[in-house]
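Before any comments, here is the structure.
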Amino acid sequence: MKEHSEVTFRILRFDPTMDHAPAFQDYKLAVKGALTVLEGLFEILENQDGSLGMRYSCRSAVCGSCAMHINGAYRLACETQIRHLNSRVITIRPLAHLPIIKDLVVDMGPFFEKYKRIKPYLEASTSIPDKEFIQSPRKRKRLNEIIDCILCGACYASCTMTLTDPEYLGPAALMKANRFVQDSRDEITRERLAIVNDENGVWRCHTIFNCQIACPKNLNPTHSIAQLKQKVIINRLTGRL
Amino acid sequence: MKYHQVIVVGGGLAGMRAALEAAKLCDTAVISKVHPLRSHSVSAQGGINAPLGNNPEGKDDSVERHSFDTVKGSDFLADQDAVDVFIGSSADRVYEMEHWGVPFSRTEDGRIAQRPFGGAGFPRTCYCADTTGHVMLHCMYERAIRHDIKFYEEWQVICLVNDGGACRGVIAISIITGELEAFMADAVIFGTGGAGRTYGKSTNAIINTGSGMAVAYWAGVPLKDMEFIQFHPTSIIGTNILMTEGARGEGGYLVNNRGERFMKNYTPKFMELAPRDIVARSIQTEINEGRGFENQHVHLDLRHLGKAKIMERLPGIRDICLHFLGIDPIDTPIPIQPAQHYTMGGIDCNINCETVLKGFYAAGECACVSVHGSNRLGGNSLLETIVFGKIAGDFASRYAKGLSATGQGKAAMKKALKEQEEKINRLLASTGSENPAKIRAELKSVMFENVGIFRDTKPMQEAVAKVRELRERYKKISLDFKGRRYNLDLCRNLELEGKIDLAEAIAAGALARTESRGSHFHLGYPKRDDDNWLKHTMATHTKDGPKLSYSTVTITKYKPEERKY
Ligand SMILES: Cc1cc2nc3c(=O)[nH]c(=O)nc-3n(C[C@H](O)[C@H](O)[C@H](O)COP(=O)(O)OP(=O)(O)OC[C@H]3O[C@@H](n4cnc5c(N)ncnc54)[C@H](O)[C@@H]3O)c2cc1C
Ligand code: FES
């Protein structure tokens with residue numbers, strides 16, 4: 001695409017308190033050089049249509065606010081360069097499988113309810129040391145990547161099982177469960193495995209890899225789910241679960 | 001009307017730490033305009049300071065040395081009694097976070113790893129690769145879930161209720177529905193973060209508008225030392241996303257267009273690891289004197305660190321370069337320039353986080369206990385959020401618990417709610433011709449250009465005049481969208497009003513301070529002037545703009561001396 005050109009932002013608009021159904025609305029935008037989708041949305045908000053609903057915060061791909069469906073894939077609007085999309089029309093929708101509050105803003109409530117179900121906190125209460133827990137670099141390395149999850153919801157929205165089974169914990173919550181299972185400091189591994197060893201837990205995952213493809217941070221929830229399945233199986237075979 | 005004994009505003013590190021503490025004694029709730037995990041604390045990269053002595057080169061580190069570095073870094077404007085409390089509890093707070101689950105990077109023997117940072121005599125910055133804020137904020141939220149802290153998400157606080165000197169609560173707007181609600185409380189704590197977005201070229205999240213500071217200021221609480229704005233030396237060109245000081249801590253070089261490591265001409269002993277104010281000015285000087293690239297940036301060169309080290313210690317930095325600049329720092333130097341980064345000043349409070357308004361407390365970047373003085377050392381502000389967050393929660397909850405009658409001030413709350421309702425209706429009905437986006441852009445630009453890295457009398461006078469002009473123009477704005485549901489136009493422009501008033505306090509304070517100290521560099525007065533200016537600036541809100549007054553700096557152990565690196 002040329003450096004100076006016009007693109008159309010085709011945005012899904014919906015206010016459930018006013019509208020019958022979501023509908024696309026087009027906005028024209030001049031793009032000069034590097035411009036991210038989020039900056040494009042701001043341009044619309046400030047100069048074309050103050051009614052646009054969207055979420056944003058860090059504009060640097062770390063806070064997880066701005067995940068949305070952009071030209072066929074879930075992406076963070078703030079790190080997506082318009083010119084890299086190589087298209088004159090940029091079609092934008094909110095995350096799927098979550099109720100729309102307005103336009104690109106969805107209710108993350110169900111997503112965080114599931115996150116809470118897996119006890120998303122370190123339980124280490126029996127032997128707190130005076131200083132830090134000792135954790136070797138080798139053990140610490142098991143947490144690499146998993147801890148980079150920004151809970152943006154892209155994996156959840158891309159997962160076909162979260163669509164068909166509203167009770168399914170989903171990739172983000174399961175990867176979070178694995179984050180604590182893999183942490184040498186955590187003391188309730190068996191309890192965690194019991195939570196995920198459920199038809200709405202790891203066994204609902206059909207390993208379709210959508211979550212891995214969707215993750216804007218290049219993390220691998222599918223792998224975490226596989227690791228959990230393996231641990232559950234070993235624990236059951238050895239009678240510990 | 002809703003009621004909690006303690007209400008915390010802000011779901012960042014400071015707010016959530018305060019809430020965890022307050023909830024030990026009192027019914028506590030947190031109000032935040034974004035989901036807590038979207039708070040700006042998530043962006044912190046480099047690390048958090050504590051003199052743990054885990055690095056072999058830091059084995060002689062101590063509370064004393066960390067305190068001295070902090071006071072010296074502050075250019076002697078920090079209150080030394082506050083620094084004692086601050087550094088005195090640093091190790092405990094960092095260990096506590098580790099016990100709660102923060103996955104710090106480790107030394108070979110399994111302890112918390114520590115890296116060098118600017119202005120520090122020893123490597124004392126604990127880190128998790130270059131995503132320290134992210135792992136800390138997530139851990140804090142996890143802890144809040146464990147303790148079932150009540151959150152009101154996407155509620156923007158627009159008014160703090162001052163009932164004849166006692167705080168009664170806050171008025172907030174639900175961003176989702178647009179409805180107003182009165183949140184009554186016996187004690188209120190603000191952990192509302194910094195005001196970076198008053199400036200153009202900022203490393204801060206877009207949501208860092210300083211609205212908490214503005215709301216406190218309007219309620220009659222003075223703002224302290226607002227002229228001290230930190231400019232970070234290394235942000236990428238264009239978006240000004242931060243390249244952590246950890247990049248220099250790991251050995252990154254700063255290079256000008258002649259290929260020189262120019263810091264040897266400014267701070268030969270510390271080189272790239274001098275404090276931020278000095279490095280930022282050195283870079284700007286190189287650019288101003290024609291030794292930058294395209295007259296706007298220099299290079300941060302990491303290539304010699306090698307792929308393995310970059311991937312292990314600075315993976316986030318690399319991702320940012322790949323996505324936002326399209327370059328890989330493993331084989332290309334990073335184009336960087338200084339940018340606004342941190343607000344040293346803020347809501348005036350004492351070492352117990354108490355303000356002049358009874359029952360109102362502040363902690364974190366929105367507060368000014370004064371541990372950073374005129375220049376904050378990298379790694380000290382994450383520390384501030386957890387040290388003073390805990391203290392604020394402790395004092396606020398004990399205050400609330402000790403009140404003989406709780407739930408006072410219904411009448412004042414109702415009155416405030418009505419006034420705010422009227423204000424919103426007026427704003428929604430306005431039909432003026434001014435475009436608020438333009439006002440916001442002009443404000444940011446005049447602040448960066450005229451009250452920026454190098455300051456002088458005339459540009460600062462112009463800035464004050466410009467800010468006043470913008471306030472007049474703000475009165476004539478109209479909103480594009482008149483609905484209530486998720487009305488960003490409304491919420492952002494409510495914040496714009498606050499930004500304008502904060503900008504005036506910053507510019508007026510800077511203009512008055514005829515010396516150079518820390519981040520405030522005045523070309524007309526290039527020396528520090530302790531005889532006249534070893535004092536804190538207090539700005540009190542009046543309808544004619546800020547009224548300035550001054551208060552003394554607490555000096556205990558360390559007598560002011562020339563700051564040399
Ligand atoms: C890019 C970057 C990197 C940094 N790296 C480091 C580092 O490595 N080490 C270090 O020590 N420091 C670092 N800092 C500084 C540090 O991150 C911040 O000072 C600190 O995180 C501030 O935390 P806080 O809790 O005070 O505020 P924040 O995390 O900013 O939280 C503010 C909260 O207040 C809420 N809020 C604000 N206004 C309102 C309102 N009106 N109504 C309702 N809610 C409101 C927000 O929603 C948010 O939840 C960095 C800063 C930046 C910009
Ligand atoms: S705005 Fe934070 S991830 Fe995009």
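Below, read A as the first sequence line, B as the second, and so on, with proteins coming before strands; counting in each chain starts at 1. Below, all heavy atoms of this structure are taken into account, side chains as well, without hydrogens, waters or symmetry copies.
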Region of [X] that comes under 4.5 Å of a non-hydrogen atom in chain B:
{"X": "A/M18", "result": "neither"}
{"X": "A/R59", "result": "both"}
{"X": "A/L52", "result": "backbone"}
{"X": "A/D49", "result": "both"}
{"X": "A/L76", "result": "neither"}
{"X": "A/I101", "result": "both"}
{"X": "A/S60", "result": "both"}
{"X": "A/R138", "result": "neither"}
{"X": "A/K176", "result": "side chain"}
{"X": "A/Q48", "result": "backbone"}
{"X": "A/V105", "result": "side chain"}
{"X": "A/Q81", "result": "side chain"}

Quiz prompt | Residue from B/E154, B/E153, B/E495 passing salt bridge (charged side-chain N to carboxylate O under 4.0 Å, His left out) with B/K33 | solution =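 Considering B/E154, B/E153, B/E495, a salt bridge (charged side-chain N to carboxylate O under 4.0 Å, His left out) with B/K33 is found only for B/E495.
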Name the member of [options] that forms the most heavy-atom pairs with chain A at distances under 4.5 Å.
{"options": "B/A129, B/G101, B/C139, B/G133", "answer": "B/G101"}
{"options": "B/L242, B/L37, B/T177", "answer": "B/L37"}
{"options": "B/S39, B/G238, B/S105, B/A437", "answer": "B/A437"}

Quiz item: Regarding A/Q25 and A/Y27, is there a side-chain donor-to-acceptor distance under 3.5 Å anywhere?
Solution: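 A/Y27 and A/Q25 do have a side-chain donor-acceptor pair below 3.5 Å.
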Quiz item: Any chance the side chains of B/T203 and B/H232 put a donor and an acceptor closer than 3.5 Å?
Solution: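 No - no donor-acceptor pair under 3.5 Å links their side chains.
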Quiz item: Relative to the ring of B/Y152, is the ring of B/W155 parallel (under 30°), tilted (30 to 60°) or perpendicular (over 60°)?
Solution: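 Rings of B/W155 and B/Y152: perpendicular, over 60°.
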Quiz item: Is the side chain of B/E434 donor-acceptor paired with the backbone N or O of B/I477 at a distance under 3.5 Å, no angle test?
Solution: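 Looks like no, no N/O pair under 3.5 Å.
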Practice problem: Might you point out which heavy atoms bring A/P221 and A/C155 nearest each other, and give the distance in Å? | Solution: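 Between these two residues, the closest heavy atoms are CG-CB, 4.4 Å.
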Quiz item: In a check of side chain to side chain contact (heavy atoms under 4.5 Å, CB included) between B/C126 and each of B/N54, B/V94, B/N55, which one passes?
Solution: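 Exactly one candidate clears the test, B/V94.
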Quiz item: Ring centroid separation for B/Y141 and B/H35, is it under 6.0 angstrom?
Solution: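 Judged by ring-centre distance (under 6.0 Å), B/Y141 and B/H35 do meet the cut-off.
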